[in-house]
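Notes for the one structure printed next.
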Amino acid sequence: MKSKALLFFIILTLLSCKPEQETPKLSGLLWGGQGNRLLIELLADSTEVKDTLLINHEGKFFWKPDTFIAGIYRIHKNETQKLTILMRPDKEYYIDGQYF
């Protein structure tokens, strides 16, 4: 009887444990425009690797990089619409904006 109770307790404990969800490093809401993606790039990176931020049907987006490097980032839709932001590893960032 004790072994069944112990087994039940272990199963209940395992089921109640949820993995901790990471909060996005960058998230936001863009409204009043068209398009479904933004590009983000680390300006000091010599490899010129860009990441794509997908914007959903509500205008929301988020970015959870596998590896984050502190520095100056540029977020842009095209060459005329750019945002430059200094991002640190100990902060999360939220952008609430409107398209031009």
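Heavy-atom basis, side chains included; hydrogens, waters and symmetry copies ignored.
- Residues Asn36 and Lys77 come closest through the heavy atom pair N-NZ, 3.9 Å.
- A single hydrophobic cluster is seen to contain both Leu53 and Ile95, as judged by linkage of ILVMFWY side chains at heavy-atom distances under 4.5 Å, directly or through other members.
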Worked verdict on Phe62 versus Leu26 for side-chain contact (heavy atoms from CB on, under 4.5 Å):
CA-CA 6 Å; Phe62 66 93; Leu26 174 67; over 6 Å; no
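- In this structure, Phe68 and Tyr73 have parallel ring planes: the angle between them is below the 30° cut-off, well short of the 60° mark.
- Contact record, Trp63 with Met87: CZ3-CE, 3.3 Å, taken as the closest heavy-atom pair.
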Worked verdict on Phe61 versus Leu30 for side-chain contact (heavy atoms from CB on, under 4.5 Å)
CA-CA 8 Å; Phe61 65 90; Leu30 291 176; 3.9 Å; yes
Would you please test Thr52 and Leu39 for side-chain contact (heavy atoms from CB on, under 4.5 Å) and show each step?
CA-CA 5 Å; Thr52 301; Leu39 294 177; 3.6 Å; yes
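- The closest side-chain heavy-atom distance from Pro24 to Glu92 is not below 4.5 Å.
- Nearest heavy-atom pair, Pro89 versus Lys25, reported as atom, atom and distance to 0.1 Å: O-NZ, 3.1 Å.
- Note on Ile40 and Leu83: same hydrophobic cluster, where clusters join Ile, Leu, Val, Met, Phe, Trp and Tyr whose side-chain heavy atoms are under 4.5 Å apart, directly or indirectly.
- A heavy-atom distance below 4.5 Å is not found between the side chains of Lys60 and Trp31.
- Cluster membership for Leu86 and Tyr94, using ILVMFWY side-chain heavy atoms within less than 4.5 angstrom, is not shared.
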Starting from the C-alpha separation in whole Å, work towards a yes-or-no answer on side-chain contact (heavy atoms from CB on, under 4.5 Å) for Ile85 and Ile72.
CA-CA 6 Å; Ile85 185 170; Ile72 299 173; over 6 Å; no
